[in-house]
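Down below is the structure, laid out as structure tokens.
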Amino acid sequence: MADIQNQPKKIVYSALKPTGDLQLGNYIGALKNMVKMQDEYNCIYMVADMHSITVENLPADLRRRTYDFMALFLAIGLDPEKSILAVQSQVPQHAELAWVLNCHTQFGEASRMTQFKEKSAKAPENVNVGLFAYPTLMAADILLYQTDLVPIGKDQKQHLELARDVAQRFNTKYSPTFTIPDGFYPKQGAKIFNLLDPTAKMGKTDDNTNGVVFLLDDADTIMRKFKRAVTDCDTAIVYDETKPGISNLITIYSVFTGTPVQAVEKEFAGSNYADFKTKVGEAVVEYLRPIQTKYRDLMNNKDYLVEVMKSGAEKASRIANRTLAKVYRKIGFVQLP
Ligand code: AMP
């Protein structure tokens, strides 16, 4: 995809923050769809390390996870020949456009972002300016590539609205510059819940990691986590929203074996919770095995990973530069020949 802007396919932008390790929910809710979208769209997929530092991070963890995320992107089937795979901080235009957008976003507008309010309430000791400006950096990510579609969950809807407002405002104030992006809600990927608290979404930064299955957990750990999964006081393996524990396990089994929920219920009619938990664990272990093998091969070949990052950053930069040059010209920055 040498010049994605001249191709008729729509442009998709999606990024994952390397805060916390990737877990089953990320795979089901985001990564799996990213793989599917590669053929139909021109996709730009990023490891959003710049967004990560809006919260406390150990530098060594951030560095390790950046490699991990890129290796996992490749291991699950993202293809650097089809999509642009890059690390956000390696494409400096993100920071550059973010500054311009900061100056075109009102303080009041940014103050209304509910995620900022939630995150600052959660970590009052580190309410940094970057956390406040997170949505304008996200707007820059999206607008740099003239993105048509941004796959998002409900939690990012308000940020996407802000990106659209700022883009529209810029286009009106100067002249058409940015494509106005739309939210893209791929066919409902299942929502995965924490195994120890099946009413809470499984998350990569959950406090209790025993309820979170990470994509890189070894087989024993995965089996242990499933065996200890909280279930409801019942025995039937039936999907029922009032029984979140067993329903979550049924969803996971269904997704990882490609079996419809009703067929899962039929398969395990008469079986008990303990046996079912073992089967779910085994299904996940089997599914992740080839991904983990590929991941390990890639991590043993860091030169290749760096090559992918470099080539991704170059491709992304080329597109981003075109947008940024236009923006700089319009706002009156003098550009060197
Ligand atoms: P996060 O890890 O919260 O930054 O989310 C990154 C992406 O993974 C988003 O698209 C989320 O919707 C998706 N995701 C994260 N956790 C889950 C989950 N437990 N179930 C489904 N999707 C999830």
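Ligands are counted one by one from 1 in listed order, and the atoms in each one are counted from 1 as well.
The distance from ligand 1 to the heavy atoms of L16 drops below 4.0 Å at these ligand atoms: 6 (C), 7 (C). Taking every heavy atom of A30 and a limit of under 4.0 angstrom, the matching atoms of ligand 1 come to 7 (C), 8 (O), 10 (O). Ligand-side atoms of ligand 1 in range of M202: 16 (N), 17 (C), 18 (C), 19 (N), range being under 4.0 angstrom from any heavy atom. Proximity to G29 (heavy-atom distance under 4.0 Å) selects the following atoms of ligand 1: 21 (C), 22 (N).
A cation-pi contact, defined as under 6.0 Å to the ring centre and within 45° of the axis, links K119 to Y134. Cation-pi geometry between K302 and Y67 is satisfied (NZ or CZ under 6.0 Å from the ring centre, within 45° of the ring normal).
Residue-ligand proximity: G25 is placed with a non-hydrogen atom under 4.0 Å from ligand 1. Under a 4.0 angstrom heavy-atom cut-off, Q156 registers as lying outside contact with ligand 1.
If you look at I152 next to ligand 1, there are no close heavy atoms at all, none under 4.0 Å. Counting heavy atoms under 4.0 Å from ligand 1, residue A190 touches it through the backbone alone.
Considering only residues two or more places apart in sequence or on other chains, T209 meets the side-chain hydrogen bond (donor to acceptor under 3.5 Å, both in side chains) condition with none of them.
Note on residues 96-107: no pairs pass salt bridge (Lys or Arg N to Asp or Glu O under 4.0 Å), not counting sequence neighbours.
Distances between N or O atoms of I192 and those of ligand 1 include at least one value under 3.5 Å.
Distance check: Q93 CD to Y145 OH gives 7.0 Å after rounding to the nearest 0.5 Å.
Considering only non-hydrogen atoms, atom 16 (N) of ligand 1 lies nearest to Q23 out of K32, K154, K204, Q23.
Heavy atoms from other residues, nucleotides or ligands lying under 6.0 Å from CD of Q106 number 12 at most.
The residue from Y239, Y287, F226, F268 that alone fulfils the ring-ring contact (aromatic ring centres under 6.0 Å, His included) condition with Y253 is F268.
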